[in-house]
Protein chains: 2
Amino acid sequence: MEIQGLHGRLLADLGPAITSGEIPEGSVLRSEELEARYGVSRTVVREAVRVLEAMRLVASRRRVGTTVQPREAWDVFDPLVIRWRLAGADRGAQLRSLGALRIAVEPVAAGLAAGLATADHCRELSALAVELTVTARSGDLRAFLRHDMAFHALVLRASGNEMFAHLADAVGAVLAGRTEHELMPHHPAEYAVALHREVAEAVCAQDGAAAERAMRGIVTGALEELAPSDPV
Amino acid sequence: MEIQGLHGRLLADLGPAITSGEIPEGSVLRSEELEARYGVSRTVVREAVRVLEAMRLVASRRRVGTTVQPREAWDVFDPLVIRWRLAGADRGAQLRSLGALRIAVEPVAAGLAAGLATADHCRELSALAVELTVTARSGDLRAFLRHDMAFHALVLRASGNEMFAHLADAVGAVLAGRTEHELMPHHPAEYAVALHREVAEAVCAQDGAAAERAMRGIVTGALEELAPSDPV
DNA sequence: TGACCCCAAAGGTATGACTTATTCAAGCCA
DNA sequence: TGGCTTGAATAAGTCATACCTTTGGGGTCA
């Protein structure tokens with residue numbers, strides 16, 4: 001997944017530095033300076049800058065240099081930007097944003113999936129619901145996480161909407177981040193697991209409204225656990 | 001907005017060619033060939049390719065070349081990818097995807113906005129609702145579109161969620177595409193305009209549930225007009 | 001048949017020369 | 001004084017070329 005080559009390394013260094021605020025908005029990076037700092041050639045610097053520019057993290061102008069853009073300009077849907085922000089100081093804000101996005105998207109995706117899911121989808125979803133139940137009871141958080149990610153990714157894929165499907169990674173990152181940061185109880189709440197079973201059943205029964213309702217319960221519950229006060 | 005420079009021109013040429021399927025999945029582009037075809041230097045080709053690679057439209061490998069990726073790999077949230085697809089053969093699929101995304105996001109955004117909107121937001125939203133009513137009645141579709149885009153963008157911004165806010169352009173593109181392609185009745189449906197007024201009122205009254213309900217009415221209605229049969 | 005090796009092909013990197021746009025300031029005119 | 005023109009400095013943009021590195025594929029040999 002990681003971009004290879006020197007420009008990839010540069011990108012992996014500059015990107016997080018910008019999204020974390022270490023290089024603040026308005027900073028000016030000059031090519032020559034970057035060449036010297038990283039000991040690479042113009043070619044490499046230019047390619048990395050071009051990619052950052054496509055993400056709207058920076059903007060280069062002649063005679064001025066490459067300016068770090070204000071955060072409102074950033075392409076916050078770019079997978080790399082999301083990952084960098086989740087790994088850095090912005091983690092909290094990013095998790096809240098994604099939480100709201102989940103609230104919006106996942107219930108609708110579940111509703112659509114109920115109308116489109118194949119028999120295979122249904123089987124896999126049911127199996128995952130069982131796994132979730134088992135691993136929640138045994139307290140195996142790692143396995144629970146793995147199945148939880150698979151469950152949500154499957155629903156998003158089964159929705160038949162490519163944009164929803166592409167949010168699977170981001171949703172997975174949220175779930176993973178929650179577990180990594182010990183924001184999960186040692187045994188996942190039973191009500192949440194029950195809701196997952198409900199989603200699976202509703203999808204298999206092609207009951208879109210029920211699937212949507214159950215999924216809405218899951219995501220709103222998740223956000224409340226994360227930030228009880230401020231649901232933005 | 002458009003990226004300047006030769007690499008920008010290359011990008012603006014290759015991007016649409018790929019998203020439209022003119023250059024099909026699996027095609028291999030060699031740098032040398034692109035240099036010749038566009039009469040530009042290695043530098044320029046490489047920078048353009050690097051950006052396309054960041055969008056996951058292509059992947060380059062040594063000894064092989066730059067391969068066009070399958071559409072499932074594309075970063076479908078990238079603003080440029082969205083624009084290119086809307087402008088090309090994929091227009092229909094892209095509009096349906098975005099329609100579903102609107103159904104998911106806009107009601108939630110309206111609900112959040114009700115809890116966060118400032119007095120200024122409220123004033124502007126109410127003013128836009130009035131404009132919508134007037135221009136709908138007079139049949140001035142161009143002005144109606146302009147205010148409609150402003151209305152939805154404002155709600156998304158007022159939601160306080162940066163990811164929602166960034167969808168404003170995409171939503172605007174959907175609305176614009178609808179008008180451009182004569183998919184609108186000459187006089188926008190009165191029920192839709194009434195729902196816009198309801199959203200404005202609910203947001204001003206800080207009634208999140210009502211705002212969400214009214215907005216849901218708008219977006220589901222919009223999608224049904226667009227594709228009565230298949231709401232994916 | 002299969003394992004191994006070698007080479008050519010294509011991208012990756014480095015570098016120097018040159019071009020072009022843009023800012024900033026000095027100078028000029030009103 | 002104030003605004004306008006002009007010119008020089010600067011940093012990005014482009015080009016051409018040379019060389020490095022990886023890797024797929026074909027050929028060889030056991």
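Below, each value reflects all heavy atoms present in this structure, side chains not excepted, and no hydrogens, waters or symmetry copies. Letters A, B, ... are given to chains in the order of the sequence lines, protein chains preceding strands, and every chain is numbered from 1. The structure presented is a predicted model; accordingly, all values stated were derived computationally and were not measured.
- Distance CD (A:Glu53) to P (D:dA12): 11 Å, rounded to an integer number of Å.
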* Given salt bridge (charged side-chain N to carboxylate O under 4.0 Å, His left out), test B:Arg50 with B:Glu53 step by step and report yes or no. => CA-CA 5 Å; B:Arg50 207 59 344 110; B:Glu53 196 174 31; 3.0 Å; yes

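- Out of C:dA10, C:dT13, D:dA12, the shortest distance to the side chain of A:Val44 is found at C:dT13.
- Proximity of B:Ser41 to the phosphate of D:dC15: a side-chain N or O atom is located under 4.0 Å from OP1 or OP2.
- Straight-line distance from the CD atom of A:Glu33 to the C1' atom of D:dA11: 12 Å, rounded to whole Å.
- Residue A:Thr43 places a side-chain atom within donor-acceptor reach of the base of C:dA14, judged by atom type and a 3.5 Å distance cut-off alone.
- For A:Ser60, whose side chain is taken as the heavy atoms from C-beta onward, the closest listed nucleotide among C:dT13, D:dG13, C:dG11 is D:dG13.
- The CG atom of A:Leu167 sits 7.5 Å away from atom CD1 of A:Ile82, with the distance rounded to the nearest 0.5 Å.
- For A:Leu10 and C:dG12, the CG to P distance is 15 Å, given to the nearest whole Å.
- The side chain of B:Leu6 approaches D:dT14 more closely than any other nucleotide in the set C:dA10, D:dT14, C:dT13.
- Rounded to an integer number of Å, the gap from A:Glu32 CD to C:dG16 C1' is 13 Å.
- The distance from atom OH of B:Tyr38 to atom P of D:dG13 is 20 Å, rounded to the nearest whole Å.
- Considering only the side chain of A:Ser31, D:dA12 comes nearest among D:dA12, C:dG11, D:dT14.
- Between the C1' atom of D:dT14 and the CZ atom of B:Arg46 lies a distance of 15 Å, rounded to the nearest Å.
- Less than 6.0 angstrom separates the ring centroid of B:His196 from the ring centroid of B:Phe151.
- Rounding to whole angstrom units, CG of residue A:Leu52 and C1' of D:dA12 are separated by 16 Å.
- Sorted by first and then second residue, the ring-ring contact (aromatic ring centres under 6.0 Å, His included) pairs with a member in residues 88-131 of chain B form an empty list; sequence neighbours excluded.
- One can place CG of A:Leu34 at 13 Å from P of D:dA11, the figure rounded to the nearest angstrom.
- Surrounding CD of A:Glu25 are more than 12 heavy atoms belonging to other residues, nucleotides or ligands, all under 6.0 Å away.
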* To do: Indicate for each nucleotide in nucleotides 18-26 of chain D, in 5' to 3' sequence, whether protein heavy atoms under 4.0 Å reach the base (B), only the sugar-phosphate (S), or nothing (-).
  => B--BSBB--

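- When the nucleotides C:dT13, D:dA12, D:dT14 are ranked by their closest atom to the side chain of A:Glu47, C:dT13 comes out on top.
- In terms of modelled atom types and a separation under 3.5 Å, the side chain of A:Trp84 and the main chain of A:Ser20 share no donor-acceptor contact.
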Using a 3.5 Å cut-off and no angle test, enumerate the donor-acceptor pairs between side-chain atoms of residues 98-106 of chain B and protein atoms at least two apart in sequence or in another chain.
unit_1   : atom_1 : unit_2   : atom_2 : d
B:Arg102 : NE     : B:Glu106 : OE2    : 2.5
B:Arg102 : NH2    : B:Glu106 : OE2    : 3.0
B:Glu106 : OE1    : B:His152 : ND1    : 2.7

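- B:Leu29 comes within 4.0 angstrom of sugar-phosphate atoms only, judged by non-hydrogen atoms across all strands, and of no base.
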